[in-house]
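Below is one structure, written out as structure tokens, with a few remarks after it.
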Amino acid sequence: SRVLSLIAYDGSGQASNTATSTISVAANNDAPTLDLNTSDSNTTNYTVSFTEDGGAKNILTATSGTSLADVDSTSFDKITVAFTQANFADGASESLSINGATGGGTISNLKDLSTSDSGTFTLSVDGTSVVYDYSVAIDSVAGTATISFTGDNADELTTAQAEALLDALQYNNSDDTPTTGSSRVLSVIAYDGSGKASNTATSTISVSANNDAPTLDLDTSDPDTTNY
């Protein structure tokens, strides 16, 4: 506690009794802050364009990575990524992957994920192999899926481990005629060691299709040539 001792002195210098004011100080659990777009100080959200056959795209700014901070916690219970499943209309072709992960670092068929989907993968963080788990929750009324990432066996993640995970998350679409009508929006939240949620930061992915060349085969009886 903070204790203030107060004394008043009269015109002749005679002191009063000493009266104290005792102040007890209680801290709040401050929410973490999450920024997926550290290259733009005006927003924590990120927008990225995906082009057919262009390869996987990071869900956050690739130049400087994620900024995840908490003034009173150095660990995180989980990282969640939520989305509306109907917006991922290309089914098994659309996936989230963890770049550099080994042993199950791809989550496929985002449109049809279910609560039975879960997995484990390993990612190198500062030269150390870190095991992550993920599980899926479905809100059938809202039509949303939420992927929760934790440490091994639901262990907490350090700040470095949580940031490494987010920096490695990528979106990919292997469809030759990808659906382009609506953006794919991922809503990301970090929960500190006491379960306090950060702000929601979004990654909005617009999908563009290429004009694929036609194919012509004059000799369908021979799979090794198109010539006759």
Side-chain angles (χ1 to χ4, degrees), residues 29 31-36 38 46 48 55-83 85 88 92-139 144-174 184 186-203 205:
N29 178 20
T33 58
L34 174 63
D35 188 353
L36 299 182
T38 53
Y46 186 60
V48 61
K57 292 290 186 179
N58 288 77
I59 70 163
L60 50 87
T61 179
T63 53
S64 52
T66 311
S67 176
L68 179 60
D70 193 323
V71 296
D72 53 13
S73 181
T74 59
S75 63
F76 292 87
D77 281 349
K78 61 183 177 180
I79 304 293
T80 63
V81 179
F83 52 89
Q85 289 185 277
F88 291 78
S93 297
E94 296 191 86
S95 64
L96 284 178
S97 60
I98 294 83
N99 187 32
T102 57
T106 299
I107 305 170
S108 301
N109 200 3
L110 301 178
K111 180 183 177 183
D112 296 317
L113 280 182
S114 69
T115 53
S116 63
D117 291 304
S118 61
T120 298
F121 58 90
T122 302
L123 191 63
S124 179
V125 181
D126 297 330
T128 300
S129 293
V130 178
V131 177
Y132 297 79
D133 294 339
Y134 71 86
S135 59
V136 177
I138 301 296
D139 185 333
T144 58
T146 301
I147 305 172
S148 295
F149 296 93
T150 67
D152 189 23
N153 294 317
D155 283 349
E156 292 182 346
L157 299 168
T158 67
T159 302
Q161 291 167 353
E163 286 189 333
L165 168 68
L166 289 167
D167 289 346
L169 274 173
Q170 295 183 328
Y171 166 83
N172 202 4
N173 190 331
S174 60
R184 284 70 163 166
L186 303 173
S187 298
V188 184
I189 301 175
Y191 292 82
D192 69 16
S194 299
K196 186 107 174 189
S198 71
N199 57 297
T200 300
T202 61
S203 179
I205 306 157

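The structure presented is a predicted model; accordingly, all values stated were derived computationally and were not measured.
- For the pair T120 and V131, the minimum side-chain heavy-atom distance is below 4.5 Å.
- Side-chain atoms of S97 never come within 3.5 Å of backbone atoms of N99 as a donor-acceptor pair (strictly under, hydrogens ignored).
- L113 pairs with exactly one of T146, L96, V136 by the side chain to side chain contact (heavy atoms under 4.5 Å, CB included) rule, that one being V136.
- Atoms CG and OH, from L60 and Y46 in turn, are 7.5 Å apart once rounded to the nearest 0.5 Å.
- Contact check for F121 versus F149: side-chain heavy atoms found under the 4.5 Å cut-off.
- Looking at N58, its side chain does come within 3.5 Å of a backbone N or O of D167 through a donor-acceptor pair.
- When all heavy atoms of P32 and D192 are compared, the closest pair comes out as CG-CB, 3.8 Å.
- Side chains of S93 and N173: no donor on one and acceptor on the other come within 3.5 Å.
- A distance of 12.0 Å separates OH of Y134 from OG1 of T150, quoted to the nearest 0.5 Å.
- Between the CZ atom in F88 and the CG atom in L186 there is a gap of 4.5 Å [rounded to 0.5 Å].
- Proximity of a side-chain donor or acceptor of Y132 to a complementary backbone N or O of Q161 within less than 3.5 Å is detected.
- Tested against T122 for a side chain to side chain contact (heavy atoms under 4.5 Å, CB included), the candidates I98, T102, D152, V130 yield a single pass: T102.
- Side-chain atoms of D133 come within 3.5 Å of backbone N or O of N153 as a donor-acceptor pair.
- For the pair T38 and S67, the tightest heavy-atom approach, listed with the atom from each and the gap, is CG2-CB, 3.5 Å.
- For D77, the side-chain contact (heavy atoms from CB on, under 4.5 Å) partners two or more places apart in sequence, or in a different chain, are E156, Y191.
- The shortest non-hydrogen separation linking T159 to F76 is OG1-CE1, 3.3 Å.
- L36 contributes atom CG, which lies 10.0 Å from atom OG of S187 (distance to the nearest 0.5 angstrom).
- Once rounded to the nearest 0.5 Å, the distance linking CD of E94 with CD of Q85 reads 11.5 Å.
- To the nearest 0.5 angstrom, I205 atom CD1 is 10.0 Å from F83 atom CZ.
- Between the side chains of S114 and S116, at least one donor N or O lies within less than 3.5 Å of an accepting N or O.
- Looking at heavy atoms from C-beta onward, L166 lies in side-chain contact with L34 at the 4.5 angstrom threshold.
- The shortest heavy-atom contact between V125 and A164 is CG2-CB, 3.7 Å.
- Smallest separation of non-hydrogen atoms from A162 and L68: CB-CD2, 3.5 Å.
- Counting heavy atoms from C-beta outward, N29 and D72 have side chains that approach closer than 4.5 Å.
- The two residues D126 and A160 make their nearest non-hydrogen contact at OD2-CB, 4.0 Å.
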